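The model shown is predicted, which means the values in this text are computed figures rather than measured ones. Numbered from 1 within each chain, the chains take letters A, B, ... in sequence-line order.
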Amino acid sequence: MNSFEQEIAEALAATGSFEKEAALKLISVPPDTTHGNFTIPCFSLAKVMRKAPKMIAEDLAAQVKLPAGLSKVEAVNGYLNFFIDRGFLAKSTLEEIAAKGLEYGHAAPNGKVVCIDFSSPNIGKELAFHHLRSTMIGNSLSRIYKAAGYKVERINHLGDWGTAFGKLIVMYLREKRPTDDATLDSLTVKELNILYAAFSKASKEEPGLEDEARAAFTKLEQGDEFYRKLWTAFRAATLKELMRIYDMMGVGFDHYTGESFFEDKIPAILDELREKNLMVKSQDLDVVMLDEFDLNPCLIRKSDGSTLYATRDLAAACYRKKEYNFDKCLYVVDLGQALHFKQVFHVLKKMGREWYKDMYHIPFGVILQLVDGKWEKGKTRTGTASLLRDVIEAAQKKILEFIDEKNPNLENKELIARQIGISALTFNDLKNSRLKDVRFDWDAVMSFEGDTGPYVQNAHVRLCSIMRKAGIDRADLAAAIKDVNFAELSDDAAYSLINILSKKGKKILDAVAGDEPSVLAQYALEIAEAAHKFIHEDRVLGSAEEKSRLFLVQATQIVLENVLDLLGLFPIRQM
RNA sequence: GCCCUUGUAGCUCAGUUGGAUAGAGUGUCAGCCUCCGAAGUUGAAGGUCAUGCGUUCGAAUCGCAUCAAGGGUACCA
């Protein structure tokens with residue numbers, strides 16, 4: 001892909017009209033392929049060359065010597081359009097896919113490290129549907145960065161420390177729950193969640209309860225043994241359920257270093273802030289002033305001396321830099337916390353950590369749910385948020401009905417139904433720009449036609465089905481290429497599919513550049529649509545072009561499988 | 001008040017560094033299974049790109065202003 005642009009630029013430079021670098025900058029991709037594969041708009045050249053753009057394009061078209069692999073150059077309305085030879089594109093693209101397989105379009109290792117902090121749910125609460133966003137965006141980004149050549153450290157910064165535990169402890173003791181080992185061992189998140197909601201309700205009537213919770217957390221932070229024991233039980237109960245769900249979704253982490261992990265690393269941070277005279281008293285708390293950046297002060301310690309979110313994030317950032325020596329550190333956290341991260345990054349700057357500029361908040365919009373006829377943010381606390389496992393179960397059930405109707409003899413249909421369901425939810429989350437709020441419309445999410453996960457999976461399944469009937473496997477790819485006649489893959493349906501496949505590498509880089517999995521989700525849709533069209537229009541099995549077309553089916557399958565994998569979707573083979 | 005994000009077809013959204021006739025899906029209407037999976041495919045209809053001004057040969061895209069929605073803004077995370 002890149003080399004085409006290089007060669008066009010060189011050929012243009014050879015006409016003597018302008019420099020290669022300038023030509024390279026002008027090359028762009030036309031909106032549709034009827035205008036070719038590359039184009040040079042000549043309008044900006046008009047002033048320098050003192051000619052009408054139309055004339056410039058026509059003159060260049062006449063002068064330029066067409067590089068190998070290009071079939072045509074033409075001047076249209078001031079645009080100079082280049083067309084790639086279909087057979088050449090088929091050959092170069094498919095040969096590379098045959099050689100690289102699943103890793104076609106991936107970049108070579110670049111020696112860089114990226115830390116990605118994602119999911120990071122709060123302990124003591126059930127995973128709500130909106131936690132899917134950070135989890136799935138982060139999961140996909142970590143796969144995409146790896147494909148782009150990075151070493152990735154996937155970090156789950158569990159919310160396992162803070163006032164929330166004060167609340168749980170207060171409520172647990174207030175309700176006089178048993179605190180023997182056996183009871184604590186068998187605690188479930190469900191119970192904790194109810195406790196949490198009960199606290200919210202009670203604190204509305206008793207304002208003093210919040211203070212009580214804060215005091216309980218302070219006691220926990222100071223090392224009270226009994227409180228520690230309760231905290232450990234709460235944490236273990238939540239983690240058990242979390243792992244079950246991550247496992248089901250195919251999400252993994254390299255580190256579960258939650259907030260509590262940084263507890264003993266905080267004093268050093270406080271000392272440093274004090275030594276550098278950055279920490280001041282304001283309204284009875286310790287803060288770092290950020291006036292010079294037009295930001296509110298960053299709160300470091302509460303009036304009772306206990307720590308805050310920002311304090312622990314500072315310790316975590318310094319720890320990560322020391323431990324992983326990252327080139328980039330990403331925080332996949334919702335948009336509402338933009339100010340918090342800005343503050344933390346600027347405190348690091350004031351501390352003289354030059355790497356503060358490698359820290360990125362990757363924000364995303366919230367999931368809105370219909371509550372009493374209005375779209376609002378679901379809250380675990382008030383019980384308006386749908387629980388992730390409920391949503392997954394509902395999706396699975398609905399898809400199972402679908403399978404029973406269409407393909408009742410499918411083996412493992414419960415598992416496959418769940419995988420399709422999870423993929424549908426994931427895709428719904430990833431297909432749009434991350435900053436957009438997602439309206440969780442049950443009907444839209446549970447419909448499996450059009451721009452959905454199942455649409456993409458269905459394309460993959462159909463490709464696999466043809467391969468199964470032909471008795472071939474993905475592993476035959478490298479050997480099968482020698483039987484391909486590339487000229488047989490130059491009809492519109494085959495060509496446009498190949499053209500899309502050839503863009504995989506660029507799409508991965510685009511997704512990394514914008515930290516945007518939706519780039520690849522949209523790309524998956526493009527592949528699926530072109531694949532559906534190809535097998536609809538070009539009969540594969542039994543045709544005169546069977547070997548060539550079968551190879552394109554295999555190549556498409558392997559590209560699609562990897563794109564699905566990069567998105568964190570299950571590339572299932574039957575449905 | 002200040003700050004951040006969003007505004008494109010009835011609905012949900014794409015639209016790359018400014019470039020050719022602003023594209024999909026969904027919904028509505030009309031077609032396509034004796035043929036590799038119809039969870040598919042072909043077509044029709046549907047637009048003041050929130051509004052105004054500006055920059056430019058050229059603006060959905062860049063700048064300024066206004067409007068609307070959502071979020072944040074000192075002891076939650």
One should read off an interatomic distance between A:R418 CZ and A:I399 CD1, to the nearest 0.5 angstrom, of 12.0 Å
Going 5' to 3' through nucleotides 11-16 of chain B and flagging B where a protein heavy-atom sits under 4.0 Å of the base, S where only the sugar-phosphate is that close, and - otherwise, we get -SSS-B
* Asked: What about A:N81, does its side chain sit under 3.5 Å from the base of B:A20 through a donor-acceptor pair?
  -> yes
Ranking B:G72, B:A77, B:A74 by distance to the side chain of A:L299, first place goes to B:A74
Quick note, A:K342 side chain, CB onward, closest among B:C75, B:C4, B:C36 is B:C4
Ring of A:H35 versus six-membered ring of B:A20: centres under 5.5 Å and planes under 30°? yes
Please report the distance separating the C1' of B:U73 from the corresponding atom of B:U12, rounded so that it comes out in whole Å. 31 Å
### Task
Using only heavy-atom distances, decide whether a donor-acceptor pair under 3.5 angstrom links the side-chain of A:S303 to the base of B:C75.
yes
- Hey, would you say the A:F341 and A:Y331 ring centroids sit under 6.0 Å apart? yes
Whole-Å distance, A:I535 CD1 to B:G37 C1', equals 8 Å
Of the listed B:A74, B:C35, B:C76, the closest approach to the A:R539 side chain comes from B:C35
On RNA chain B, more 5' by nearest nucleotide between A:G162 and A:R468 is A:R468
Inset, instruction - Run the numbers on A:S518 and A:E516 for side chain to side chain donor-acceptor pair (under 3.5 Å), then give the verdict. - result: CA-CA 5 Å; A:S518 70; A:E516 237 335 339; 3.0 Å; yes
Practice item. Name the orientation class of the two ring planes belonging to A:F217 and A:W161 (parallel below 30°, tilted from 30 to 60°, perpendicular beyond 60°). Key: perpendicular
Between protein and nucleotides 55-65 of chain B, what N or O pairs are separated by less than 3.5 Å?
{"unit_1": "B:C57", "atom_1": "OP1", "unit_2": "A:K47", "atom_2": "NZ", "d": "2.6"}

Original post:
Using 30° and 60° as the class limits, which term best fits the ring planes of A:F293 and A:H346: parallel, tilted or perpendicular?
Top reply: tilted
Checklist entry - Looking for any heavy atom pair under 4.0 Å, which part of the strands does A:R214 touch: base, sugar-phosphate only, or nothing? => result sugar-phosphate
Between NZ of A:K281 and P of B:C75 the distance, given in whole Å, is 15 Å
**Between B:A14 and B:C53 - P atom distance, rounded Å** = 28 Å
From CD1 of A:I466 across to P of B:C35 the rounded distance in Å is 15 Å
Each nucleotide of nucleotides 42-47 of chain B classed B (base within 4.0 Å of a protein heavy atom), S (only sugar-phosphate) or -, in 5' to 3' order, makes S-----
| query | A:Y79 stacking on B:A20: centroids under 5.5 Å, ring planes under 30°? | reply | yes
Q.
Could you check whether A:E259 and A:H157, counting side-chain N and O atoms only, form a donor-acceptor pair closer than 3.5 Å?
A. no
P spacing across the pair B:G63 / B:G40, given as an integer number of angstrom: 40 Å
Does A:V333 reach a base, just sugar-phosphate, or nothing at all? Heavy atoms under 4.0 Å.
nothing
Of the listed B:U73, B:A74, B:U5, the closest approach to the A:L435 side chain comes from B:U5
Margin query: Under 4.0 Å, counting only non-hydrogen atoms across every strand here, what does A:T452 touch: a base, just sugar-phosphate, or nothing?
Written below: nothing
